[in-house]
Amino acid sequence: MKKSLLGLFLLFHAAFAMAKPTLYVYQWINSIPDSVYKQFTKETGVPVDVSYYESNEAMYAKLKGNPSLAYDVVFPSSYFIKRMVKAHLLDHIDSSIMTHTQGIYKKFIHQPFDPNNDYSYPLTWGMTGIAVNDKYIPLSKITAWKDLWSPSYRHQVLWLNDIREPFSVALIRLGYSVNDQNPTHIKQAYALLKKGLPNVKVINADAMESMFIDEDVFLGMAWSPDTYQASQSNPHIHFVIPKGRYPLWLGCMAIPQGSRHPKLAMTLLNFLLRKDISAQIITGMGYAVTNQEAVKSLPISWQEKRFVNPSKSLLARGEIEGDVGDKARQWYEHYWLELRLSV
Amino acid sequence: MNRLTRSLFFLVMAFLYIPMVVVVLFSFNHSLHSLIWHGWTWQWYSKLWHDALLAKVTWHSLCLGFSAAFISTVLGAVVSYSLYRYRFFGRRLISGLLIVLIVIPDLVMAIALMILFRSAHVSFGFVTLFLAHVSFCLPFSVMVISNRLSDLNPQLLLAAEDLGASLWQQWWWVMIPAMRSALLVSALLSFMLSFDDVVISFFVSGPNYVTLPLHVYAMAKLGANPEINALCSLLLLLTVAVVLISQRLLGKKT
């Protein structure tokens, strides 16, 4: 009995090793369209098998639990990269394979969380701004982050249910960096957020789109691609980029330690950065991509959209969300819990 | 029933079933995001029909569910039979351990299985999912089948033996007919347990074998999607069908 079981395992192992390579991609749901992978298979003959996660935390838990899992490509947010590198979850990327990186905005590479881009390359990016429904609130009234604190919007505002975003907004209002690690500053941000609580109607991120479309909320923090999607269903919804700084996040690509075909995975990363492929990612889900060449090949209606084709000065105002370290993260988590409990 | 109990009864029923009605209703809603009614449509069902990925993960879940249900029922029958028929050292310990497996939190079992498979260097995929699902279905199978056996007249087996039936004949002519309804219930229960497991599957699944609940979980987390409503409605229909069929089968045979 034992022997036959062992034999069965060996058989499975052998079958696994002998099969022609398939790339296993683990990605955010609703991010990169399938058509992109179909084209990769057409060009290289390598099939791509996609499975999905819904949060950085879920992906991290899965890989941390079993680093030998055979995923070849994952897409962590910028502020998760350093944490994953520290936990030895990511593999080195050979920069000589990455030939399509020259189009990437200079601002997005060599970030403190991965100074030489040894472990990650940014593929998509987005802004955190304010979504407004102009049927209820004139666009001219909302120009700055402090407007979310205005007493005229008592019990009307949506906050994103994400530890980083509300804190980033508060830190920006206080003049600190969105990646601030100083406990006193974090506490000040907490106090400022607490002052804004009476304005909060709901704290949510998952159903944000439908809440805006159904006009359950008219005003709130929002991510640029989600707001774009919502505006497709309800044209009254607009994305306002507030004066001054705004939080900017990067969707990065990385190769987990367990990858069985790291070289092939790098080819896929490079492929995704290619101009025409990146352009498909923009039109598919409304994500902005880091390759600035991509948007130039799209129709003028896309080129006019500021969140996919930002001006130099607009881009300069964005502050990239990086790693804050374990210690500061605990402070953020502590204060976030207090805020959530006092809603 | 007096008026109070009757209205209470309807209240409880409404509480239980209104959410399902809402899901079915919204699977026909002509709007991608909205929870406001925008008119009837079949489009989510046709989209569901053409969704290759969803078809693949559903197929995965069905294969896993059927194989786990089959094996756990077979093993469950053997274990229950041994516990019923023989008196041996550790018998009570084994039945106790099986009950522990029922009450143990899923999360504990998930982590334990993950560590076990990792240290045994089994590649994560169908094999790990299958072993995990059999191990959490087995205690339920044993419980259902043992329960049935405890009602069985022990003289029956002795009589069969007396009449010269071999062990296989005893199984085929006596045990299996006597256990038939319990076997069916055990298989259905195991299938259902396997088909909707998220926690344990999350930890023991690999990149090449994702099950339906894991996929739905990821889909549902980022915004309600009418395709999920359509899928849930179909599963609901399937469940009702299975329950009706099993009730008819059981009603006839026992």
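Chain letters run A, B, ... following the sequence lines, proteins first and then strands; every chain starts at 1. From a predicted model like this one, the values you see are computed outputs, not experimental measurements.
- Ring to ring, B:Trp42 and B:Phe28 are close: their centroids are under 6.0 angstrom apart.
- Figure legend: B:Arg91 and B:Phe88 shown without cation-pi pairing, the cationic atom not lying both under 6.0 angstrom from the six-membered ring centre and within 45 degrees of its axis.
- Note: A:Gly65 leads A:Gly65, A:Gly258, A:Ala61 in heavy-atom pairs under 4.5 Å with chain B.
- Of the atoms belonging to B:Phe117, not a single heavy atom falls under 4.5 Å from chain A.
- Of the listed residues (A:Asn66, A:Asp34, A:Leu69), the greatest number of heavy-atom pairs within a distance under 4.5 Å of chain B belongs to A:Asn66.
- For A:Val50, the part lying near chain B is the backbone, with the side chain staying farther off; criterion is any non-hydrogen pair under 4.5 Å.
- The ring of A:Trp28 has its center closer than 6.0 angstrom to the ring center of A:Tyr53.
- Counting heavy atoms from C-beta outward, B:Leu234 and B:Leu48 have side chains that approach closer than 4.5 Å.
- Proximity to chain B (any heavy atom under 4.5 Å) is restricted, for A:Tyr26, to the side chain, taken from C-beta onward.
- No hydrogens or angles considered: nothing links the side chains of A:Asp214 and A:Ser210 as a donor-acceptor pair under 3.5 Å.
- The contact between B:Leu53 and chain A is made entirely by side chain atoms (from C-beta outward), counting heavy-atom distances below 4.5 Å.
- Of all the listed residues (A:Asn234, A:Asp49, A:Val25), the one sharing the greatest number of non-hydrogen pairs under 4.5 Å with chain B is A:Asp49.
- Side-chain N/O atoms of A:Gln27 and A:Tyr37 include a donor and acceptor closer than 3.5 Å.
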